[in-house]
K.L.:
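Have a look at this one before I ask anything.
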Amino acid sequence: MCPINNGNERIQSNESSMLSREEIKSIESWISQMGKYQFFKTAKQKMVTAKKTLKFKYKMIGYGYNRIVYDLNNGYILKIALCEVGLIGNANEAYIYNNCNEEAQKYLCPVKEFGSGWIIMKKMGTKVPLAIMEYTKLIELELKFLRYGIIPIDLRLDNVAFSEDNEMVVIDYGLFTMDLKSPVLRWFD
Ligand SMILES: Nc1ncnc2c1ncn2[C@@H]1O[C@H](COP(=O)(O)OP(=O)(O)OP(=O)(O)O)[C@@H](O)[C@H]1O
Ligand SMILES: [Mg+2]
C-alpha cells in the first residue's frame, strides 16, 4: 500500500495485497492512455472504453463521471479513475480518510489501499431510500463534516450508503476537502 499523500503528489508505489501485478499493470496502462478520451461527452462512453481496456474479471458495480467501480468479491470494491478528476478524487479520499479526525472518519467509507489511479474501499449497501428522513440525515451529516473542518463538496444521496449499524456513510468523498488551498477548490475559481 502506498503512503498517503496530500492529494497533489502523483507518484506512488503501486503495490496491493488484493490486486495482482497484472491487474496493477492493466490499471497503469489505462491511466496512461485515458487522456485520449477526455472529450467523450458521457460518463458511460468513458466507462465502456475503460472496461474494454482493463479487461478485469471482476463485476462492475457502478460508475460515475470520474471513476469506474468493481466488486472485488471479498467485501471490498476497487475504484479506478476515468479522468484527471478521478485521479484527484482517489488521492483525496485516501488523504481525507487517513488524516481527518476520528469522529469524522466514522461517516466515511473506510479506505483499505490506495495506489496510482486506484483505491480500494469497503463495499457498502448502496440502496438509500429517497425519503424525506434521508434528506434530513444528509443535512445533519453535512453540518457534522463542517464542524470537523471538512467541506463536503458534492455530498448527495447518490454518494452515501448505510453501514451495518445503520449509520449514513459517504462512499464518494473525492471532492471533499480539509484544505482551502486544495486543488479541488481551484476548479471553482
Ligand atoms: N464503497 C462502495 N460500496 C458499494 N458501491 C460503491 C462504493 N463506492 C462506489 N460505489 C458504486 O459506484 C458508483 C460510482 O462511484 P463514485 O460515486 O465513487 O464514482 P464517481 O465517478 O466519483 O461519481 P460522481 O459521478 O458522483 O463523481 C456509486 O454510485 C455506487 O453505486
Ligand atoms: Mg459519485
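Atoms within each ligand, like the ligands themselves, are counted from 1 in listed order. Predicted model only: the values in this text are computed from it and were never measured.
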K.L.:
Provide the number and element of each atom of ligand 1 under 4.0 Å from a heavy atom of K123.
P.N.:
3 (N)
K.L.:
Looking only at protein heavy atoms, identify the closest one to atom 1 (N) of ligand 1 and say how far it is in Å.
P.N.:
K122 O, 2.9 Å
K.L.:
Do the charged groups of R21 and E15 touch, with an N to O distance under 4.0 Å?
P.N.:
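Not counted as a salt bridge, because no side-chain N and carboxylate O are separated by less than 4.0 Å.
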K.L.:
Regarding ligand 1, does E93 bring an N or O atom to under 3.5 Å of one of the ligand's N or O atoms?
P.N.:
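It does not: no N or O of E93 is found under 3.5 Å from an N or O of ligand 1.
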K.L.:
With I68 as reference, evaluate L82, T49, L78 under the side chain to side chain contact (heavy atoms under 4.5 Å, CB included) test and give the passing residue.
P.N.:
L82
K.L.:
What part of L175, side chain, backbone, both or neither, has a heavy atom within less than 4.0 angstrom of ligand 1?
P.N.:
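The answer is neither; L175 stays 4.0 Å or more away.
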K.L.:
State the count of protein N/O/S atoms located less than 2.8 Å away from the Mg ion (ligand 2).
P.N.:
2
K.L.:
For ligand 1, which atoms have a heavy atom of M124 less than 4.0 angstrom away?
P.N.:
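Going through ligand 1 atom by atom, the ones under 4.0 Å from M124 are 2 (C), 3 (N), 4 (C).
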K.L.:
Taking NZ, NE, NH1 and NH2 as the nitrogens, is one of them in K137 or E167 under 4.0 Å from a carboxylate oxygen of the other?
P.N.:
no
K.L.:
Ignoring hydrogens, what is the shortest heavy-atom contact between A104 and Y148? Give both atom names and the distance.
P.N.:
CB-CD1, 3.4 Å
K.L.:
If you measure from each heavy atom of G89 to ligand 1, is any distance below 4.0 Å?
P.N.:
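No.
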K.L.:
Provide the closest heavy-atom pair for N14 versus S116 in the form atom of the first, atom of the second, distance.
P.N.:
OD1-N, 2.9 Å
K.L.:
Give the residue and atom name of whichever protein heavy atom lies nearest to atom 12 (O) of ligand 1, and the separation in Å to one decimal.
P.N.:
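Atom 12 (O) of ligand 1 sits closest to the protein heavy atom V69 CG2, 3.4 Å.
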K.L.:
For atom 30 (C) of ligand 1, tell me which residue out of I171, V160, I68 has the closest non-hydrogen atom.
P.N.:
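Checking each option, the heavy atom nearest atom 30 (C) of ligand 1 is found in I171.
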K.L.:
On the 0 to 90° scale, with breaks at 30° and 60°, tag the Y107-F145 ring pair as parallel, tilted or perpendicular.
P.N.:
perpendicular
K.L.:
Out of curiosity, does M124 fall in the hydrophobic cluster containing I120 (side-chain heavy atoms, cut-off under 4.5 Å, transitive links)?
P.N.:
no
K.L.:
Please state which protein non-hydrogen atom is closest to atom 29 (O) of ligand 1 and give its distance, to 0.1 Å?
P.N.:
D158 O, 3.8 Å
K.L.:
Return the minimal non-hydrogen interatomic distance between I171 and C109, and the atom names on each side.
P.N.:
CA-CB, 3.9 Å
K.L.:
Mark yes or no for whether N90, through its side chain, and G117, through its backbone, hold a donor-acceptor pair below 3.5 Å.
P.N.:
yes
K.L.:
Of all the non-hydrogen atoms in the protein, which one sits nearest to atom 27 (O) of ligand 1, and at what distance?
P.N.:
N66 ND2, 3.0 Å
K.L.:
Show me which atoms of ligand 1 lie under 4.0 Å from any heavy atom of Y65.
P.N.:
21 (O), 24 (P), 25 (O)
K.L.:
By number and element, which atoms of ligand 1 are closer than 4.0 Å to a non-hydrogen atom of I61?
P.N.:
4 (C), 5 (N)
K.L.:
Considering V170, I119, I77 one by one, which has a heavy atom nearer to atom 2 (C) of ligand 1 than any of the others?
P.N.:
I77
K.L.:
Relative to the heavy atoms of N159, which atoms of ligand 1 are at a distance of less than 4.0 Å?
P.N.:
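Here the atoms of ligand 1 in question are 17 (O), 26 (O).
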K.L.:
Do T53 and Q33 have side-chain N/O donor and acceptor atoms under 3.5 Å apart?
P.N.:
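No, Q33 and T53 have no side-chain donor paired with an acceptor closer than 3.5 Å.
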K.L.:
On a heavy-atom basis, I'd like to know which of K46, M121, R67, K79 is closest to atom 22 (O) of ligand 1.
P.N.:
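Selected option, by shortest heavy-atom distance: R67.
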K.L.:
Find the distance between CD1 (I31) and CG (L54) and round it off to the nearest 0.5 Å.
P.N.:
8.0 Å
K.L.:
Would you say R156 and ligand 1 have an N/O pair spaced under 3.5 Å apart?
P.N.:
yes
K.L.:
Can you pull out the closest protein heavy atom to atom 13 (C) of ligand 1? Residue, atom name and distance to 0.1 Å, please.
P.N.:
Y63 N, 3.7 Å
K.L.:
Hey, which atoms in ligand 1 end up nearer than 4.0 Å to a heavy atom of C109?
P.N.:
1 (N)
K.L.:
For atom 17 (O) of ligand 1, which candidate among V111, L82, D172 holds the nearest heavy atom?
P.N.:
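Selected option, by shortest heavy-atom distance: D172.
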K.L.:
Donor-acceptor pair, E23 side chain versus S20 backbone, under 3.5 Å?
P.N.:
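Looks like yes, one N/O pair under 3.5 Å.
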K.L.:
Taking ring pair (Phe, Tyr, Trp, His ring centres under 6.0 Å) as the definition, give me every residue that meets it alongside Y63, ordered by chain and number, with sequence neighbours left out.
P.N.:
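For Y63 there are no ring pair (Phe, Tyr, Trp, His ring centres under 6.0 Å) partners, ignoring immediate neighbours.
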K.L.:
Could you tell me the separation between the OG1 atom of T136 and the CE atom of M168, rounded to the nearest 0.5 Å?
P.N.:
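Rounded to the nearest 0.5 Å, the OG1-CE separation comes out at 9.0 Å.
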K.L.:
Below 6.0 angstrom between ring centroids: does that apply to Y37 and F40?
P.N.:
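Aromatic pair counts; centres sit under 6.0 Å.
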